[in-house]
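Worksheet: the structure to be examined is printed underneath.
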Amino acid sequence: MRNFLLFTLCAVVLFGMTACSEGAVAGNKVDVGRILEAADQALADGRYDEAELGYRLVLSLGAVEEHLTRARKGQSSAVAERCYREAYRNLEEEQALAILMGPQPGMPKEQLARSQLGLDVISSPLQLAVQSALNEGLAAEPLHPGLNYLLGLTYARNGALEMAENQFTYCGEIAPEHWAGPRGMAQLHSQTGRMAEAMAEAELALSRSLDPEDRMTAYEMLIQLSYNPANPGAYQGYLAEAKEAFAGYGDPLALEAVLTFMAGGTKADLEAGLPLAEAALDKPFLSEGNRTSLVQNLAVLYAQLGRLDDAQRLIEEYLRGGGRLTLALTQILSQVAMMKTAQ
């Protein structure tokens, strides 16, 4: 893919050889401004690999200082944004694996140990990928609030709570109007049982989340923090707000479906979430991670209900539609195949 993008950018340069900067003799100079405009557009569109290649090309051409400065800044932003998304995606996948195959309440001690060992082995490449992305991204843009938030999250997940708190405090210092600081503190307070403080920080994170995907994530946090099947009114207000704000997207319906699955109960209770999940999958998603999570949860439910063909079909359709084959989906497919063989 990178080779194709490089070819495309080189083609822009070659066909632009006759397009010169103002006052230059035709055929003697590359139109660096045109390359920068293409790279800037790629960055704005989220095509970070393509943006990086464009900026690197400008830096290799020995352009005027104004163009070099713009290219350096753009390249740093492109690297940081790419790494943020890579780290976030791998953290989501690590969490999905932990839910799927990690230690569960009520397991015997020996089974807990085996489950944790298996999880550690399978998820270790994801942890390495997260660390690699954070290192590369923060080297490019040390003050990127999202990357600093994810760094704090890795501290918290590894039990380094004081380091996590310091990191989330730092997020608030470098980006006072960003969601990173309060979102991180909300997760930390939740982890330590300080729920009232967690809710207050999550509300603050929502107020600072302007991008639709970030805002949906903020609603998800508030719903998860207030989720209590015995007191559904505690979270349904936030869910209603999210469904109204993002009526054209599948994310709120997917979250509602997963909450229904989590509540458990009878077979009929579990099946009540199926129409919500299936309706969600017919809509576009703000976050591809939310679509993936729904597919994983729905496939597991299908398998639990004995609908093994439906579980396999769901995953195959998701992959044919461009979805990513996560380690969790691989594990689910393996389990479904084993169950079908045993029938």
Side-chain angles (χ1 to χ4, degrees), residues 85-86 88-104 115 118-119 122-123 125-126 129 212-213 216-217 219-221 223-224 227 229 235 239 242-243 246-343:
R85 281 155 182 77
E86 287 177 6
Y88 197 103
R89 184 175 64 242
N90 283 300
L91 279 170
E92 281 187 325
E93 188 167 348
E94 186 183 342
Q95 183 177 23
L97 272 177
I99 294 171
L100 181 67
M101 57 179 298
Q104 302 296 327
S115 180
L119 177 62
I122 291 177
S123 64
L126 296 174
E213 184 176 345
M216 184 63 219
T217 301
Y219 275 121
E220 289 167 10
M221 174 175 285
I223 290 166
Q224 290 165 3
Y227 176 74
Y235 71 86
L239 181 60
K243 291 172 72 173
F246 304 113
Y249 293 92
D251 305 71
L253 285 176
L255 180 58
E256 186 176 9
V258 171
L259 290 174
T260 304
F261 301 157
M262 286 173 54
T266 66
K267 179 180 177 181
D269 292 331
L270 291 171
E271 289 178 335
L274 294 180
L276 291 169
E278 291 160 355
L281 289 172
D282 287 335
K283 294 175 178 282
F285 273 67
L286 291 163
S287 164
E288 188 58 29
N290 286 344
R291 181 190 295 276
T292 305
S293 177
L294 177 59
V295 169
Q296 290 168 173
N297 281 281
L298 184 53
V300 168
L301 179 59
Y302 279 149
Q304 290 174 342
L305 295 173
R307 296 170 57 177
L308 302 180
D309 288 339
D310 286 336
Q312 184 173 332
R313 174 190 52 78
L314 172 68
I315 296 174
E316 289 174 350
E317 288 181 356
Y318 168 74
L319 296 175
R320 281 197 297 269
R324 195 166 62 93
L325 181 59
T326 64
L327 289 175
L329 284 175
T330 302
Q331 291 292 315
I332 295 169
L333 280 171
S334 176
Q335 290 296 317
V336 168
M338 290 171 61
M339 292 168 71
K340 292 178 77 171
T341 302
Q343 283 182 334

Which pair of heavy atoms, one from [X] and one from [Y], lies closest together, and at what distance?
{"X": "Ala247", "Y": "Lys283", "value": "O-NZ, 3.3 Å"}
{"X": "Leu274", "Y": "Phe261", "value": "N-CE2, 4.1 Å"}
{"X": "Ile122", "Y": "Leu327", "value": "O-CD1, 3.7 Å"}
{"X": "Leu255", "Y": "Ile223", "value": "CD2-CD1, 3.4 Å"}
{"X": "Leu294", "Y": "Ala277", "value": "CD2-O, 3.6 Å"}
{"X": "Ala311", "Y": "Ala299", "value": "CB-O, 3.5 Å"}

Separation between [atom1] of [X] and [atom2] of [Y], rounded to the nearest 0.5 Å:
{"X": "Gln296", "Y": "Thr326", "atom1": "CD", "atom2": "OG1", "answer": "4.0 Å"}
{"X": "Tyr302", "Y": "Leu308", "atom1": "OH", "atom2": "CG", "answer": "12.5 Å"}
{"X": "Leu253", "Y": "Leu276", "atom1": "CG", "atom2": "CG", "answer": "6.0 Å"}
{"X": "Arg307", "Y": "Glu271", "atom1": "CZ", "atom2": "CD", "answer": "7.0 Å"}
{"X": "Leu298", "Y": "Leu314", "atom1": "CG", "atom2": "CG", "answer": "5.0 Å"}
{"X": "Gln304", "Y": "Lys267", "atom1": "CD", "atom2": "NZ", "answer": "12.0 Å"}

Take the angle between the ring planes of Tyr219 and Phe246 and call it parallel below 30°, perpendicular above 60°, tilted in between. perpendicular

Can you check whether Gly289's main-chain N or O pairs, donor with acceptor, with Ser293's side chain at less than 3.5 Å?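 Here the side-chain-to-backbone pair does not exist.
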
Look only at the side chain of Ser334 and the backbone of Thr330, and say whether a donor-acceptor pair between them is shorter than 3.5 Å.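 Such a contact is absent between Ser334 side chain and Thr330 backbone.
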
Testing Gln95, Arg89, Glu92, Glu93 one by one against Leu126 for a side chain to side chain contact (heavy atoms under 4.5 Å, CB included), which residue passes?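 Of all the options given, the one that passes is Glu93.
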
Residue pairs involving residues 248-259 (criterion side-chain hydrogen bond (donor to acceptor under 3.5 Å, both in side chains); sequence neighbours excluded):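 Sorted result for residues 248-259: Lys243-Glu256, Asp251-Asn290.
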
Sequence neighbours excluded, which residues qualify as salt bridge (charged side-chain N to carboxylate O under 4.0 Å, His left out) partners of Glu317? Arg313

Taking the side chain as everything from C-beta on, heavy atoms only, tell me whether Met216 gets closer than 4.5 Å to Glu213. no

Residues Leu281, Val295; criterion side-chain contact (heavy atoms from CB on, under 4.5 Å); working and verdict: CA-CA 8 Å; Leu281 289 172; Val295 169; 4.0 Å; yes

Taking it one step at a time, do Tyr88 and Thr217 satisfy side-chain contact (heavy atoms from CB on, under 4.5 Å)? CA-CA 12 Å; Tyr88 197 103; Thr217 301; 3.9 Å; yes

Short side-chain donor-acceptor distance under 3.5 Å, Gln331 and Gln335: no

Let me see the working for Arg324 and Leu319 under side-chain contact (heavy atoms from CB on, under 4.5 Å), right down to the final yes or no. CA-CA 6 Å; Arg324 195 166 62 93; Leu319 296 175; over 6 Å; no

